[in-house]
Amino acid sequence: MARHNDYGKWGENMAVEYLVSKGYAIRERNWRVGHYELDIIATKGNRIVFVEVKTRLHDDYVPEIDISPAKRSRLIYAANGYLFATRLPFEPQFDVIYIVGPPDSYKVEHIPDAFFPTLKKYGRR
């Protein structure tokens, strides 16, 4: 596996540890539907939380750019697939977790409700 893939996997592991320490229950990791993937699926209270993990060596990131409208659309599509497959009675939430820095001195930035699912537009009948 390439070094950046190892670093990303490490970041996902750190995000899982962080979420568990905050009382989240991890349901799935790297869940796929078609070509789309959800990094982490967790629950807390009455919410099912779909978590996108971004691992960066430096803190020169911009969440609005990292999670583009196209990326949001793919995450929403995958989340809909998961909810349809499981029929769970939870309210969905989309979070982003940044793991920033090297393994010996990293920080975690958690952005709950980072974005909300967009509604589909339908033409007039």
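Note that the structure is predicted; figures quoted are calculated from it, not measured.
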Backbone of Asn30 reached by a side-chain donor or acceptor of Asp39 within 3.5 Å: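 The answer is no, because no donor-acceptor pair under 3.5 Å joins these two groups.
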What distance do [X] atom [atom1] and [Y] atom [atom2] have between them, rounded to the nearest 0.5 Å?
| X | Y | atom1 | atom2 | answer |
| --- | --- | --- | --- | --- |
| Tyr106 | Tyr18 | OH | OH | 11.5 Å |
| Ile76 | Lys71 | CD1 | NZ | 11.5 Å |
| Ile111 | Ile97 | CD1 | CD1 | 9.5 Å |
| Glu12 | Lys54 | CD | NZ | 10.5 Å |
| Tyr36 | Asn80 | OH | CG | 12.0 Å |
| Phe94 | Leu38 | CZ | CG | 7.5 Å |

ILVMFWY network linking Ile41 to Leu88, side-chain heavy atoms under 4.5 angstrom: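 Same hydrophobic cluster.
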Same apolar cluster (I L V M F W Y, side chains within < 4.5 Å links), Ile67/Phe116: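 Different clusters: Ile67 never reaches Phe116 through Ile, Leu, Val, Met, Phe, Trp or Tyr contacts under 4.5 Å.
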Are side-chain heavy atoms of [X] and [Y] found at a separation under 4.5 Å?
| X | Y | result |
| --- | --- | --- |
| Asp66 | Tyr98 | yes |
| Leu75 | Phe115 | yes |
| Thr55 | Ile99 | yes |
| Glu109 | Val100 | no |
| Val53 | Arg29 | no |
| Val33 | Phe84 | no |
| Arg27 | Thr43 | yes |

State, to 0.1 Å, how close [X] and [Y] come at their nearest heavy-atom pair, and which atoms those are.
| X | Y | value |
| --- | --- | --- |
| Phe50 | Pro92 | CE1-CB, 4.0 Å |
| His110 | Pro112 | O-CD, 3.2 Å |
| Ile40 | Ala15 | CD1-CB, 3.9 Å |

Matching residue for Tyr24 among Asp95, Val51, Val16 - test: side-chain contact (heavy atoms from CB on, under 4.5 Å):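 Option passing the side-chain contact (heavy atoms from CB on, under 4.5 Å) with Tyr24: Asp95.
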